Amino acid sequence: MGNFFSSMFDRLWGVNREMRILILGLDGAGKTTILYRLQIGEVVTTKPTIGFNVETLVYKNLKLNVWDLGGQTSIRPYWRCYYSNTAAVIFVVDSTDRDRMPTAAHELHLMLREDELQDAALLVFANKQDQPAALSASEVSRELNLVELKDRSWSIVASSATNGDGISEGLDWLIDVVREEQM
Ligand SMILES: Nc1nc2c(ncn2[C@@H]2O[C@H](COP(=O)(O)OP(=O)(O)OP(=O)(O)O)[C@@H](O)[C@H]2O)c(=O)[nH]1
Ligand SMILES: [Mg+2]
């Protein structure tokens, strides 16, 4: 009986639940900066990620296994090795990188076509909003053609990994959606 109630409680509150989250996006978008802001709440000095970083963090009672993959052109073909059992994807865009918006859009839609990601929720961070040249979240949304997305929970949030704006707002949305979908 005790077990019954404790497992009910765990289900309701998500205690002990593990969730796999991928952070993807082009090189230099701010993925690693976001990962460590989430984990330690600070800005770390990064270098381009060759391979991946993985960190476990507990957020709102959920254990999140967060994988930050390198975004360089030569590394992107390996993203697919990490897709299985992914509850959510955080796709990070450098909102100042106007020239590469079509490349970001292409990589995003290619990734979302993969079978293993059909049930994954999508959070897009329109990152680097602290920069004057940044496109707004709605402009990034248009560049990425997000309205085309069907049968998927998605949201775009304006963020700055360096000053922290938008990061917890985005993660709150993501956790609520994934928790609702998994109940
Ligand atoms: N101004 C500003 N700079 C940022 C922001 N987020 C990240 N950066 C900077 O952008 C550069 C690249 O950030 P990373 O987090 O290493 O980028 P990444 O997406 O992990 O890149 P790869 O590992 O090569 O795929 C670093 O110099 C960061 O300090 C932001 O919100 N605003
Ligand atoms: Mg990185």
Side-chain angles (χ1 to χ4, degrees), residues 19-57 59 64-83 86-114 116-117 120-146 154-175:
M19 189 184 287
R20 181 182 168 91
I21 295 180
L22 301 184
I23 309 184
L24 303 176
L26 302 187
D27 46 297
K31 301 179 295 297
T32 304
T33 312
I34 287 174
L35 174 68
Y36 288 103
R37 176 168 273 286
L38 287 172
Q39 202 210 13
I40 57 172
E42 282 173 20
V43 177
V44 297
T45 304
T46 61
K47 48 186 192 314
T49 307
I50 310 297
F52 63 85
N53 301 295
V54 60
E55 300 294 343
T56 299
L57 40 130
Y59 194 81
L64 309 179
N65 296 316
V66 187
W67 296 73
D68 152 42
L69 309 184
Q72 290 177 39
T73 316
S74 58
I75 307 176
R76 286 179 222 150
Y78 297 99
W79 287 357
R80 59 172 64 231
C81 304
Y82 300 86
Y83 289 162
T86 295
V89 174
I90 299 174
F91 192 83
V92 184
V93 180
D94 176 348
S95 308
T96 70
D97 194 358
R98 292 163 189 247
D99 292 350
R100 291 204 301 166
M101 286 293 163
T103 311
H106 172 74
E107 294 294 352
L108 173 71
H109 289 276
L110 196 67
M111 177 260 294
L112 292 175
R113 280 207 289 274
E114 295 284 338
E116 289 175 306
L117 294 178
L122 172 73
L123 167 66
V124 178
F125 275 131
N127 197 36
K128 304 199 185 183
Q129 290 295 320
D130 55 288
Q131 296 289 91
L135 295 179
S136 68
S138 55
E139 287 169 319
V140 172
S141 179
R142 209 169 315 129
E143 292 280 350
L144 297 182
N145 246 319
L146 295 182
W154 66 268
S155 182
I156 181 165
V157 173
S159 70
S160 166
T162 48
N163 71 22
D165 288 353
I167 302 294
S168 45
E169 180 196 334
L171 199 65
D172 283 349
W173 174 84
L174 196 66
I175 298 306

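Computed from a prediction, not measured in an experiment: that's the story for all the values here. In each ligand, atom 1 is the first atom listed, and ligand 1 is the first ligand listed. Computed from heavy atoms alone, side chains included, the values below leave out hydrogens, waters and symmetry copies.
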Taking [Y]'s backbone N and O only, do any of them form a donor-acceptor pair with [X]'s side chain (distance below 3.5 Å, no angle check)?
X	Y	result
Trp67	Glu55	no
Arg100	Asp94	no
Asn127	Val92	no
Lys31	Leu26	yes
Gln129	Ala161	no

Under 4.5 Å between any side-chain heavy atoms of [X] and [Y], yes or no?
X	Y	answer
Leu24	Tyr83	yes
Ile34	Ile167	yes
Leu174	Ile21	yes
Thr103	Arg76	yes
Val157	Leu123	yes

Taking only heavy atoms of [X] into account, list the atoms of ligand 1 that are under 4.0 Å away from them.
X	answer
Thr162	2 (C), 3 (N), 4 (C), 5 (C), 30 (C), 31 (O), 32 (N)
Ser160	31 (O)
Thr32	15 (O), 20 (O)
Gln131	1 (N)
Thr49	22 (P), 23 (O), 24 (O)

Give me the residue, atom name and distance of the protein heavy atom closest to [atom].
atom	answer
atom 17 (O) of ligand 1	Gly30 N, 3.2 Å
atom 1 (N) of ligand 1	Asp130 OD2, 2.8 Å
atom 31 (O) of ligand 1	Ala161 N, 2.8 Å
atom 11 (C) of ligand 1	Lys128 NZ, 4.1 Å
atom 21 (O) of ligand 1	Gly28 N, 2.9 Å
atom 16 (O) of ligand 1	Thr46 OG1, 2.6 Å
atom 19 (O) of ligand 1	Lys31 NZ, 2.7 Å
atom 6 (N) of ligand 1	Asn127 ND2, 3.2 Å

List the atom of [X], the atom of [Y], and the distance in Å for their closest heavy-atom pair.
X	Y	result
Val140	Met101	CG2-CE, 4.2 Å
Phe91	Met111	CD1-CE, 3.8 Å
Arg80	Glu116	O-OE1, 4.1 Å

So, is [X] polar-close to ligand 1, with some N/O to N/O distance under 3.5 Å?
X	result
Gly70	no
Lys47	no
Pro48	no
Gln129	no
Ser159	no

Below 4.0 angstrom, counting only protein heavy atoms, does anything approach atom 27 (O) of ligand 1?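 Given the 4.0 Å cut-off, atom 27 (O) of ligand 1 does not count as touching protein heavy atoms.
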
So which of Thr33, Thr96, Leu69 gets nearest to atom 7 (C) of ligand 1, if we judge by its closest heavy atom?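 Considering heavy atoms of Thr33, Thr96, Leu69, the nearest to atom 7 (C) of ligand 1 sits in Thr33.
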
State which residue, out of Thr46, Thr45, Asp68, fulfils the side chain to side chain donor-acceptor pair (under 3.5 Å) condition with Thr32.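 Among Thr46, Thr45, Asp68, the one meeting side chain to side chain donor-acceptor pair (under 3.5 Å) with Thr32 is Asp68.
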
Would you please determine whether Gly25 falls within less than 4.0 Å of ligand 1 on a heavy-atom basis?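 It does not, in that no heavy atom of Gly25 comes within the 4.0 Å cut-off of ligand 1.
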
Does ligand 1 have any atom that is closer than 4.0 Å to a heavy atom of Val92?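 Flag not set, Val92 not near ligand 1.
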
Hey, is the Mg ion (ligand 2) within less than 2.8 Å of some N/O/S atom on Asn53?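 Short answer: no, not a single N, O or S atom is under the cut-off.
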
Give a yes or no on whether Thr49 keeps an N, O or S atom under 2.8 Å from the Mg ion (ligand 2).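 It does: Thr49 brings an N, O or S atom closer than 2.8 Å to the Mg ion (ligand 2).
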
